[in-house]
Amino acid sequence: MGAGQPTGEQFEITNGAARAVLTEVGACLRVFEVAGVPYVTSFAETEAPPLSAGLVLAPWPNRVRDGRWSFYGEPQQLELSEPARNVAIHGLTRTIPWQVVERSTEAITLEVLIDGHPGWPVPMRTTVRYALDAEGGLTVTHTMLNVGDRKTPFGVGVHPYPRAGHAAAYECTLRLAARTNLPVDPDRLLPNGPVAPLDGGEFDFREPRKLDGMVLDHTYGGCVPDADGIIRHHLVGPDTGVEIWAEPDFGWVQVFSTTGFPGTSSAIAVEPMTCPTGALNSGIDLRELEPGQGWSGSWGLRPMS
């Protein structure tokens, strides 16, 4: 692991004018830019990822109430990784080194084994492949493989902070493909009601809405693919924009705004997820894998002119 670096070794990939930097610890997307224009809010390689920036969230995204869930009737207790809210958050792969299994100039695949963690009884092997294309887009492909001897549920999420070039988030508009919202309580950010259709109110982003003055930490679902089967969310600034796209398995998206991201006045996370917060207990859109069975899904970022 890279000596003295919180995220370990840094892996750069390039294709034409496009460049990305991934990290050994957490398999984090630290940099994505095209012709020097940033399309994620980045951070220095000497820093830990602020506010989970760029991390892979597996084998579940978001929060688990009190770290407790039931594995087919067997009570489980996860480590309380967000003790202030007494929850387990964002899975088990954020702070451990991943191994490089394949690498070229324009792509890299990283892998880690999820095993031996309190509260997660079935080992799983997960990979993430980052690939730049000739048009300046980034495709991120996740796999999950059940390497245990029992069926297991799982979810996958990611935590990018897309950026519309050099614009701060408050200067941008956001459009989401989401059609529903899962309400959460304001203190612990855990579900406190059923999934509900969006109603055209302040937090409905089915049409582009300005982010200036918005405070967001919202779980959106019901993401509708376009005619080609791809879900698309758009963040657009004064000079450029970025598309956050995903395959239909990523039917949920967490949106989080902050003025606390180092080096910028405001930033926004747009986080594709296969299931919402609390899914290990609610079961909403959890996927299951039999022993030896695998799953794969992709999302990505693409500059908009």
Side-chain angles (χ1 to χ4, degrees), residues 1 6-9 11 22-29 48-49 52-82 87-102 108-130 140-160 249-250 252 254 271-299:
M1 193 165 76
T7 53
E9 189 173 352
F11 307 113
L22 303 317
T23 70
E24 177 188 13
V25 175
C28 176
L29 174 61
S52 297
L55 289 166
V56 176
L57 317 177
W60 79 86
N62 228 296
R63 293 171 173 85
V64 181
R65 185 186 303 272
D66 303 326
R68 297 174 183 170
W69 66 292
S70 177
F71 177 80
Y72 306 116
E74 299 176 14
Q76 303 294 328
Q77 179 64 62
L78 298 159
E79 179 185 354
L80 298 176
S81 46
E82 192 181 30
V87 298
I89 187 171
H90 288 339
L92 301 169
T93 67
R94 295 179 299 146
T95 59
I96 56 179
W98 293 53
Q99 303 298 314
V100 177
V101 294
E102 187 177 54
I108 188 169
T109 302
L110 301 163
E111 177 184 84
V112 74
L113 178 65
I114 301 168
D115 192 20
H117 297 273
W120 195 265
V122 175
M124 305 187 78
R125 190 173 300 278
T126 183
T127 70
V128 58
R129 181 177 190 266
Y130 294 95
V140 187
T141 301
H142 302 266
T143 69
M144 297 290 291
L145 177 66
N146 182 350
V147 294
D149 57 8
R150 292 189 287 175
K151 180 173 67 173
T152 187
F154 75 96
V156 172
V158 288
H159 210 298
D249 276 4
F250 290 91
W252 293 86
Q254 186 78 17
E271 311 165 35
M273 307 182 298
T274 63
C275 59
T277 187
L280 285 183
N281 285 304
S282 70
I284 297 173
D285 285 343
L286 272 184
R287 278 151 178 79
E288 293 182 323
L289 291 177
E290 298 287 347
Q293 186 180 12
W295 168 90
S296 179
S298 297
W299 66 280

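Here the structure is a predicted model, which is why all the values come from computation and not from measurement. Residues take their numbers from the sequence shown, with the count starting at 1.
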Any side-chain heavy-atom pair from Leu22 and Cys28 closer than 4.5 angstrom? no

Please tabulate, for the side chains in residues 56-66, all donor-acceptor contacts under 3.5 angstrom to protein atoms that are two or more places apart in sequence or on a different chain.
residue	atom	partner	partner atom	Å
Trp60	NE1	Asn62	O	3.1
Asn62	OD1	Thr277	OG1	3.2
Asn62	ND2	Gln254	OE1	3.2
Arg63	NE	Glu82	OE1	2.8
Arg63	NH2	Glu82	OE1	3.4
Arg63	NH2	Glu82	OE2	3.2
Arg65	NH2	Pro191	O	3.1
Asp66	OD1	Asn86	ND2	2.7
Asp66	OD1	Arg188	NH2	2.7

Atom pairs and distances, donor-acceptor, side-chain atoms in residues 148-159, under 3.5 Å, two or more places apart:
residue	atom	partner	partner atom	Å
Arg150	NH1	Glu74	OE1	3.4
Arg150	NH1	Glu74	OE2	3.0
His159	NE2	Glu271	OE2	3.3

If I compare all heavy atoms of Pro75 with all of Gly73, which pair ends up nearest, and what's the gap? CD-O, 3.5 Å

Applying side chain to side chain donor-acceptor pair (under 3.5 Å), name anything that partners Trp69, two or more places apart in sequence or on another chain. none

In residues 284-292, what donor-acceptor pairs under 3.5 Å come from side-chain atoms, sequence neighbours left out?
residue	atom	partner	partner atom	Å
Asp285	OD2	Trp252	NE1	2.7
Arg287	NH1	Thr274	O	3.3
Arg287	NH1	Asp285	O	3.1
Arg287	NH2	Asp249	OD1	3.2
Glu288	OE2	Tyr72	OH	2.9

Rounded distance (nearest 0.5 Å) linking atom CG of Leu92 with atom CG of Asp115: 10.5 Å

Only counting residues at least two apart or in another chain, list the ones meeting side chain to side chain donor-acceptor pair (under 3.5 Å) with Ser52. none

Residues forming a side chain to side chain donor-acceptor pair (under 3.5 Å) with Ser282, sequence neighbours excluded: none

Closest non-hydrogen atoms of Gly297 and Phe250, given as atom of the first, atom of the second and distance, are C-CE1, 3.7 Å

Report the C-alpha distance between Thr127 and Thr143 in whole Å, list the side-chain angles of each, state the deciding distance to 0.1 Å, and finish with yes or no for side-chain hydrogen bond (donor to acceptor under 3.5 Å, both in side chains). CA-CA 5 Å; Thr127 70; Thr143 69; 2.5 Å; yes

Separation of Ser298 OG from His142 NE2 (nearest 0.5 Å): 7.5 Å

Please list, chain by chain and in numerical order, all residues satisfying side chain to side chain contact (heavy atoms under 4.5 Å, CB included) with Val101, sequence neighbours excluded. Thr109, Glu111

What verdict does the side chain to side chain contact (heavy atoms under 4.5 Å, CB included) test give for Val100 and Ile108, after you've listed the backbone C-alpha separation in whole Å, the side-chain angles of each residue and the deciding distance to 0.1 Å? CA-CA 7 Å; Val100 177; Ile108 188 169; 4.1 Å; yes

Value rounded to 0.5 Å, distance of CD1 in Ile89 from CG in Leu78: 12.5 Å

Who are the side chain to side chain donor-acceptor pair (under 3.5 Å) partners of Ser81, not counting sequence neighbours? none

Are there more than 12 heavy atoms of other residues, nucleotides or ligands under 6.0 Å from atom CD of Glu79? no

Mind checking side chain to side chain contact (heavy atoms under 4.5 Å, CB included) for Ser70 and listing every partner two or more places apart, or none if nothing turns up? none

So do Leu113 and Val147 actually touch side chain to side chain, heavy atoms under 4.5 Å? yes

Intermediate values then yes/no, side chain to side chain contact (heavy atoms under 4.5 Å, CB included), Glu24 and Phe11: CA-CA 8 Å; Glu24 177 188 13; Phe11 307 113; 3.9 Å; yes

Examine distances only and state if a side-chain atom of Thr126 and a backbone atom of Met144 form a donor-acceptor pair shorter than 3.5 Å. no

Drop me the distance from Leu280's CG to Gln76's CD, to the nearest 0.5 angstrom. 10.0 Å

Would you list the pairs meeting side-chain hydrogen bond (donor to acceptor under 3.5 Å, both in side chains) in which at least one residue belongs to residues 92-102, sequence neighbours left out? none

Step by step, would you call Ser296 with Thr141 a side chain to side chain contact (heavy atoms under 4.5 Å, CB included)? CA-CA 7 Å; Ser296 179; Thr141 301; 3.5 Å; yes

Test item: Val140 and Leu29 side chains (from C-beta on) under 4.5 Å apart, heavy atoms: no

CG/Leu145 to CE/Met124 distance, rounded to the nearest 0.5 angstrom? 7.5 Å

If we ignore hydrogens and angles and just use 3.5 Å, is the side chain of Tyr130 paired with the main-chain N or O of Ala27 as donor and acceptor? yes

